[in-house]
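Reviewing the structure listed below.
The structure displayed is predicted, hence computed values, not measured ones.
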Amino acid sequence: MSEKESRTLRALARNAKARIKSGFWAECHEDMKEKMTLAKEQGLNESKAGRYFKEKVSAKLLGETEDEFYLKVKRMLLEDGEVSNAIGRLTDKPYYDTLSYEEKQRYNLTLSEKYLRALERFRRECEFEGLERAK
């Protein structure tokens with residue numbers, strides 16, 4: 001193990017120890033129990049709710065920031081709902097105009113995949129949104 005990896009591992013261990021001492025995990029566990037109870041009361045799938053909130057905690061621990069593309073899709077969905085020309089709205093037109101026919105096809109497929117993933121994430125967040133605010 002290199003010295004840099006060792007330092008990183010030590011920093012990670014220190015952060016984990018600080019979380020334990022501060023009661024972070026106990027608070028997370030209690031929060032998760034409350035949300036699971038609310039999900040059950042509202043007739044939502046408890047296991048889906050558990051996975052959703054675990055992902056949120058993991059993202060928080062890893063320090064993940066919001067994806068710009070997802071934020072753009074979310075803003076569009078909140079303002080206009082699901083529209084038939086979503087891919088056209090999300091297309092980077094100046095860049096798209098520089099592509100060849102084959103590259104445009106690849107770009108459209110990639111954009112479609114990203115949009116579908118963002119749409120699924122948006123739907124999942126909307127499903128459990130009320131549980132997050134209930135706390």
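In this structure, the side chains of F122 and V73 stay at 4.5 Å or more apart for every pair of heavy atoms.
By the salt bridge (charged side-chain N to carboxylate O under 4.0 Å, His left out) test, E82 is found to be paired with R123, residues two or more places apart in sequence or in another chain being considered. In terms of the side-chain contact (heavy atoms from CB on, under 4.5 Å) criterion, L116 has no residue partners (sequence neighbours excluded). E41 meets the side-chain contact (heavy atoms from CB on, under 4.5 Å) test with T37, L38; sequence neighbours excluded. Q105 pairs by the side-chain contact (heavy atoms from CB on, under 4.5 Å) definition with Y101, not counting sequence neighbours. The ring pair (Phe, Tyr, Trp, His ring centres under 6.0 Å) search around Y96 returns Y107, not counting sequence neighbours. The side chain to side chain donor-acceptor pair (under 3.5 Å) search around Y70 returns E125, not counting sequence neighbours. Partners of R124 under the side chain to side chain donor-acceptor pair (under 3.5 Å) rule, at least two apart in sequence or in another chain, do not exist in this structure. Taking N15 as the reference, R19 meet the side-chain contact (heavy atoms from CB on, under 4.5 Å) condition, with sequence neighbours excluded.
By the criterion of side-chain heavy atoms lying less than 4.5 angstrom apart, applied directly or through intervening Ile, Leu, Val, Met, Phe, Trp or Tyr residues, L119 is not grouped with L109; the two fall into different hydrophobic clusters.
For the residue pair K72 and L90, the shortest heavy atom distance occurs at NZ-O, 3.8 Å.
For the atom pair CG of D67 and CZ of R117, the computed distance is 9.5 Å after rounding to the nearest 0.5 Å.
Residue pairs meeting the salt bridge (Lys or Arg N to Asp or Glu O under 4.0 Å) criterion with at least one partner in residues 84-105, sequence neighbours excluded, are D80-R89.
The environment of CD in E68 is sparse: at most 12 heavy-atom neighbours from other residues, nucleotides or ligands sit within 6.0 Å.
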